[in-house]
K.L.:
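Below are the structure tokens for one structure; questions will follow.
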Amino acid sequence: MNIKIIALGKIKEKFLKDGINEFLKRLNPYTSIEVVELNPIEIKEESLTQKVLDEEGEKILSLIKDDSYVITMEIQGSQLSSEEFSEKINDIINIGVSELVFVIGSSCGLSKIVSDRANFKMSMSRMTFLHQFARLILIEQIYRAFKILKGEKYHK
């Protein structure tokens, strides 16, 4: 199975880039993973927020295949433990999905059209994280999920 993470915004901080790259490297034995960064559209007036979200949504959807399994990161999504997340990935693998796509929106969230495309909506926490942190946490959790699936030791 291939994994794609579509995220709005670029990672600027070196320590975050280093952490992300470390976990991407660690994932190599388990799965193919790609991170696609999109430039968020600047919102010049608050009244244009929905229009901008929809434009970003169209860009996001253009990168998703019809048969991909899509998990969006959303505040109102389901919260899973690391073990439950691992089980979710295992279930997706077992149904024969060739591509799993995670979507992390901008600081304004995601367009309804992207949310509607999701097969599953997930929340990392009730806490709010910077989007750059969310990417690092997601990639680490994907790595942890594969370690759990393989029955390999990983810090609890």
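Hydrogens, waters and symmetry mates are skipped; everything else that's a heavy atom, side chains included, is used. Quick caveat: nothing in here was measured; it's all calculated off a predicted structure.
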K.L.:
Between Asn21 and Lys17, is there a donor-acceptor pair closer than 3.5 Å when you use the side chain of the first and the backbone of the second?
P.N.:
yes

K.L.:
Please report the C-alpha distance between Thr31 and Asn2 in whole Å, then the side-chain angles of each, then the deciding distance to 0.1 Å, and finally whether the side-chain contact (heavy atoms from CB on, under 4.5 Å) criterion is met.
P.N.:
CA-CA 6 Å; Thr31 189; Asn2 297 317; 5.8 Å; no

K.L.:
Using a 4.5 Å cut-off on heavy atoms from C-beta on, say whether the side chain of Tyr143 contacts that of Leu24.
P.N.:
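No - every pair of side-chain heavy atoms lies 4.5 Å or more apart.
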
K.L.:
Got a second to check how far Met73's CE is from Ser115's OG, nearest 0.5 Å?
P.N.:
12.5 Å

K.L.:
Can you tell if the side chain of Glu22 reaches within under 4.5 Å of the side chain of Asp18, non-hydrogen atoms only?
P.N.:
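Counting from C-beta outward, Glu22 and Asp18 never come under 4.5 Å.
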
K.L.:
Output the distance between atom CD1 (Ile104) and atom CD1 (Ile137), rounded to the nearest 0.5 Å.
P.N.:
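So the gap between those two atoms works out to 9.5 Å.
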
K.L.:
Test of understanding: clusters of I, L, V, M, F, W, Y form through side-chain heavy atoms closer than 4.5 Å, transitively. Do Ile148 and Phe23 belong to the same one?
P.N.:
no

K.L.:
About how many Å separate CE of Met122 and NZ of Lys88, when rounded to the nearest 0.5 Å?
P.N.:
10.0 Å

K.L.:
For residues Lys10 and Asn39, determine if any side-chain heavy atom of one lies less than 4.5 Å from a side-chain heavy atom of the other.
P.N.:
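Contact flag for Lys10/Asn39 side chains = yes.
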
K.L.:
If you apply the rule side-chain contact (heavy atoms from CB on, under 4.5 Å), what do you find for Val35 with Ile139, and how did you get there?
P.N.:
CA-CA 10 Å; Val35 177; Ile139 294 169; 4.2 Å; yes

K.L.:
Report the hydrophobic cluster partners of Leu8, with the cluster defined as I, L, V, M, F, W, Y residues connected by side-chain heavy atoms closer than 4.5 angstrom, directly or transitively.
P.N.:
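Its cluster partners, ordered by chain and number, are Ile6, Val36, Leu38, Ile60, Leu61, Leu63, Ile64, Val70, Val101, Val103, Leu110, Ile113, Val114.
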
K.L.:
Indicate yes or no: at least one non-hydrogen side-chain atom of Phe102 is less than 4.5 angstrom from one of Lys4.
P.N.:
no

K.L.:
Just grab all the salt bridge (Lys or Arg N to Asp or Glu O under 4.0 Å) pairs involving residues 102-121, residues at least two apart or on different chains.
P.N.:
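Sorted result for residues 102-121: Lys112-Asp116.
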
K.L.:
For a 4.5 angstrom cut-off between non-hydrogen side-chain atoms, does Leu100 reach Ile71?
P.N.:
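A side-chain contact under 4.5 Å exists here.
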
K.L.:
Does a side-chain heavy-atom distance below 4.5 Å link Leu53 with Ser106?
P.N.:
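They are in contact (side-chain heavy atoms under 4.5 Å apart), so the answer is yes.
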
K.L.:
What is the minimum heavy-atom distance between Ser111 and Gly57, and which atoms define it?
P.N.:
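Result for this residue pair: CB-CA, 4.0 Å.
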
K.L.:
Could you check whether Arg135 pairs with Glu37 (Lys NZ or Arg NE/NH1/NH2 to Asp/Glu carboxylate O, under 4.0 Å)?
P.N.:
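Salt bridge: yes.
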
K.L.:
Please name the pair of heavy atoms, one in Ser123 and one in Gly77, separated by the smallest distance, quoted to 0.1 Å.
P.N.:
CB-O, 3.4 Å

K.L.:
Is Arg144 salt-bridged to Glu140, cutoff N-O under 4.0 Å?
P.N.:
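Judged by the 4.0 Å cut-off on N to carboxylate O distance, Arg144 and Glu140 do form a salt bridge.
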
K.L.:
Test of understanding: with side chain to side chain donor-acceptor pair (under 3.5 Å), list the residues that count as partners of Gln141, not counting sequence neighbours.
P.N.:
Ser82

K.L.:
For the residue pair Phe15 and Phe133, does the interplanar ring angle fall in the parallel (under 30°), tilted (30 to 60°) or perpendicular (over 60°) class?
P.N.:
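Correct class here is perpendicular.
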
K.L.:
Tyr69 and Val97: which non-hydrogen atoms are nearest, and at how many Å?
P.N.:
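It is CB-CG1, 3.7 Å.
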
K.L.:
Test of understanding: with side chain to side chain contact (heavy atoms under 4.5 Å, CB included), list the residues that count as partners of Ser78, not counting sequence neighbours.
P.N.:
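With neighbours one apart ignored, the set is Phe120.
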
K.L.:
Could you work out, with salt bridge (Lys or Arg N to Asp or Glu O under 4.0 Å) as the rule, every residue matching Glu74, not counting sequence neighbours?
P.N.:
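Glu74 satisfies salt bridge (Lys or Arg N to Asp or Glu O under 4.0 Å) with no residue once adjacent residues are dropped.
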
K.L.:
For Phe85 versus Ala145, what's the shortest heavy-atom pair and its separation?
P.N.:
CD2-CB, 4.0 Å

K.L.:
At what distance, to the nearest 0.5 angstrom, does CD1 of Ile89 lie from CG of Leu149?
P.N.:
7.0 Å

K.L.:
Quick one: are Asp54 and Glu58 in side-chain contact, heavy atoms under 4.5 Å?
P.N.:
no

K.L.:
Quick one: list whatever passes side chain to side chain donor-acceptor pair (under 3.5 Å) with Glu152, sequence neighbours left out.
P.N.:
Tyr30, Lys147

K.L.:
What closest approach, in Å, do Gly19 and Leu136 show between heavy atoms, and which atom pair accounts for it?
P.N.:
C-CD1, 3.5 Å

K.L.:
Please tell me if the side chains of Ile3 and Met1 come closer than 4.5 Å, counting only heavy atoms from C-beta onward.
P.N.:
yes

K.L.:
Please determine if Glu56 and Lys59 form a salt bridge, counting it only when a charged side-chain N lies under 4.0 Å from a carboxylate O.
P.N.:
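Lys59 and Glu56: not salt-bridged.
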
K.L.:
Decide side-chain contact (heavy atoms from CB on, under 4.5 Å) for Ile142 and Ile5; before the verdict, give the C-alpha distance in whole Å, the side-chain angles of both, and the deciding distance to 0.1 Å.
P.N.:
CA-CA 11 Å; Ile142 294 169; Ile5 298 172; 4.1 Å; yes

K.L.:
Looking at every heavy atom in both Gln132 and Glu13, which two are closest together, and how far apart are they?
P.N.:
CG-OE1, 4.2 Å

K.L.:
Are more than 12 heavy atoms from other residues, nucleotides or ligands located less than 6.0 Å from atom CD1 of Ile75?
P.N.:
no

